[in-house]
Number of protein chains: 2
Amino acid sequence: MAKGIGVQGSGGLTRQRDAVLRVIRGSGEHLTACEIYEQARQLLPSISYATVYNSLKFLTNEGLVHEVKFGKGASRYDRETERHDHAICNACGKLVDFDLDLSEELKRQAARRSHFKPESIQLTLRGLCPDCRPGK
Amino acid sequence: MAKGIGVQGSGGLTRQRDAVLRVIRGSGEHLTACEIYEQARQLLPSISYATVYNSLKFLTNEGLVHEVKFGKGASRYDRETERHDHAICNACGKLVDFDLDLSEELKRQAARRSHFKPESIQLTLRGLCPDCRPGK
DNA sequence: GGGTGATTTAGAATTATTCTAATTCCAGGT
DNA sequence: ACCTGGAATTAGAATAATTCTAAATCACCC
């Protein structure tokens with residue numbers, strides 16, 4: 001049998017990793033490591049900054065969370081791990097997830113042009129978010 | 001009339017900004033600020049690291065280069081400023097530019113789903129680059 | 001209760017980027 | 001040519017983001 005993996009009540013995650021995962025799942029936003037650390041400390045006051053980073057790396061590798069880099073500053077983490085698309089506001093920098101049905105044909109076309117063996121495709125829209133649109 | 005803008009021979013760019021721009025345009029790769037600094041010093045030995053950062057910010061704002069964040073580590077800069085698409089290798093992390101004719105209909109669809117006022121859309125393909133494909 | 005390997009911890013170290021204050025540079029006016 | 005003012009550059013310090021290190025702890029197995 002596999003060696004111990006920490007706590008088993010939480011789906012095989014240690015308390016620390018579980019706390020980090022919970023924070024991410026509990027937020028609609030895309031949080032930075034720093035924000036996650038602050039919130040995780042409320043669930044588990046003894047957790048350290050390094051553990052937050054370790055956990056984020058672990059959870060990302062396991063496919064339980066998703067890392068996103070955009071705009072200014074630190075990486076952010078997303079609870080959404082299914083394929084999805086991104087909209088980024090050119091005015092305020094906000095990132096919003098949404099979902100489009102991108103065709104297989106589009107994927108094949110991208111593969112042909114790039115000479116890559118395709119795994120997934122994702123669309124990014126840049127524009128103005130509802131809060132930044134003029135006239136509203 | 002506008003006040004002095006440095007040197008005029010180089011299309012209105014100062015020697016430093018021009019050197020940074022030349023380095024980026026002279027490379028097929030997507031360079032980091034650090035790599036750009038090293039190469040720019042060969043064109044202009046007195047240039048400082050801070051000036052490279054300042055110039056990158058300036059050139060990015062002017063739309064003369066493009067900043068790209070992906071994978072591990074520092075931001076990278078791209079000479080390609082026209083709309084284009086990205087392919088990222090899941091094995092080695094390489095990023096390749098390519099170009100697809102994305103329809104207006106797709107853009108409208110993305111705008112509808114995200115509730116953003118669209119400006120541009122871009123596709124990102126993840127997969128395996130030619131060097132990392134098995135069986136080749 | 002002890003052994004084992006993975007995990008956590010605190011803090012140091014490293015890397016990436018921005019800031020600061022002093023200096024230099026250039027275009028324009030005299 | 002000289003002066004002037006604002007913008008750009010410089011070196012280095014400061015800050016932010018992330019990774020590393022070594023020791024302590026933990027959960028599971030015997």
Side-chain angles (χ1 to χ4, degrees), chain A residues 1-24 30-41 43-62 64-65 67-77 93, chain B residues 1-24 30-41 43-62 64-65 67-77 93:
Chain A
M1 277 275 128
K3 286 297 165 55
I5 1 153
V7 170
Q8 75 286 63
S10 329
L13 294 175
T14 62
R15 273 173 307 140
Q16 290 81 348
R17 289 170 179 174
D18 185 57
V20 168
L21 182 55
R22 256 187 242 215
V23 167
I24 294 168
H30 298 85
L31 304 174
T32 62
C34 179
E35 291 162 345
I36 292 166
Y37 170 58
E38 279 164 12
Q39 294 190 34
R41 264 206 303 192
L43 301 178
L44 198 59
S46 70
I47 198 170
S48 84
Y49 216 114
T51 298
V52 170
Y53 270 101
N54 289 340
S55 299
L56 288 170
K57 185 166 292 181
F58 175 85
L59 295 169
T60 301
N61 286 339
E62 295 293 302
L64 294 168
V65 303
E67 183 182 3
V68 179
K69 305 178 92 151
F70 72 100
K72 311 261 97 193
S75 283
R76 291 173 177 273
Y77 292 85
Chain B
M1 278 276 132
K3 283 300 165 57
I5 0 154
V7 169
Q8 74 285 66
S10 328
L13 294 175
T14 62
R15 275 170 308 139
Q16 289 83 348
R17 290 171 180 175
D18 185 55
V20 168
L21 182 55
R22 258 187 239 213
V23 167
I24 293 168
H30 298 85
L31 304 174
T32 62
C34 181
E35 291 161 347
I36 293 165
Y37 171 58
E38 279 163 14
Q39 294 191 32
R41 265 206 302 193
L43 301 178
L44 200 58
S46 70
I47 198 171
S48 84
Y49 215 114
T51 299
V52 170
Y53 269 101
N54 289 340
S55 299
L56 288 171
K57 186 167 291 182
F58 175 85
L59 295 169
T60 301
N61 286 338
E62 295 293 302
L64 294 167
V65 303
E67 183 182 4
V68 181
K69 304 178 94 150
F70 71 102
K72 310 260 95 190
S75 284
R76 291 172 177 275
Y77 292 85

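To find a chain, count down the sequence lines: A is the first, B the second, and so on, and within it residues start at 1. Remember, predicted model here, so these are calculated numbers, not experimental data.
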| remark: In short, A:Gly71 meets B:Lys69 closest at the heavy-atom pair O-NZ, 2.5 Å
| Any side-chain donor near an acceptor of the partner, A:Gln16 and A:Ser55, under 3.5 Å | no
Spacing between [X] atom [atom1] and [N] atom [atom2], to the nearest angstrom:
| X | N | atom1 | atom2 | answer |
| --- | --- | --- | --- | --- |
| A:Leu43 | C:dT8 | CG | P | 15 Å |
| B:Phe58 | C:dT18 | CZ | C1' | 19 Å |
| A:Leu13 | D:dC26 | CG | C1' | 16 Å |

| task | Could you please spell out the steps behind the side-chain contact (heavy atoms from CB on, under 4.5 Å) verdict for B:Tyr37 and B:Ser48? | result | CA-CA 8 Å; B:Tyr37 171 58; B:Ser48 84; 5.6 Å; no
| said: I'd like to know if the side chain of A:Glu38 and the backbone of A:Glu35 have a donor-acceptor N/O pair within less than 3.5 Å. | reply: no
| note | In 5'-to-3' order, the base (B), backbone-only (S) or no-contact (-) status of each nucleotide in nucleotides 9-22 of chain D, using a 4.0 angstrom heavy-atom cut-off, is SBBB----SBBB--
| query | Does the pair B:Leu43 and B:Gln39 meet the rule for a side-chain contact (heavy atoms from CB on, under 4.5 Å), with working shown? | reply | CA-CA 7 Å; B:Leu43 301 178; B:Gln39 294 191 32; over 6 Å; no
| task | Please step through side-chain contact (heavy atoms from CB on, under 4.5 Å) for the pair A:Ile47 and A:Val20, ending with a clear verdict. | result | CA-CA 10 Å; A:Ile47 198 170; A:Val20 168; 4.2 Å; yes
| request: Rounded to 10°, tell me the angle between the two end axes of the helix from C:dG1-D:dC30 to C:dT30-D:dA1, each built from five pairs. | output: 10°
| query | Tell me, do B:Leu21 and B:Arg17 make a side-chain contact under 4.5 Å, heavy atoms counted? | reply | no
| message | If you apply the rule side-chain contact (heavy atoms from CB on, under 4.5 Å), what do you find for B:Ile24 with B:Leu64, and how did you get there? | response | CA-CA 10 Å; B:Ile24 293 168; B:Leu64 294 167; over 6 Å; no
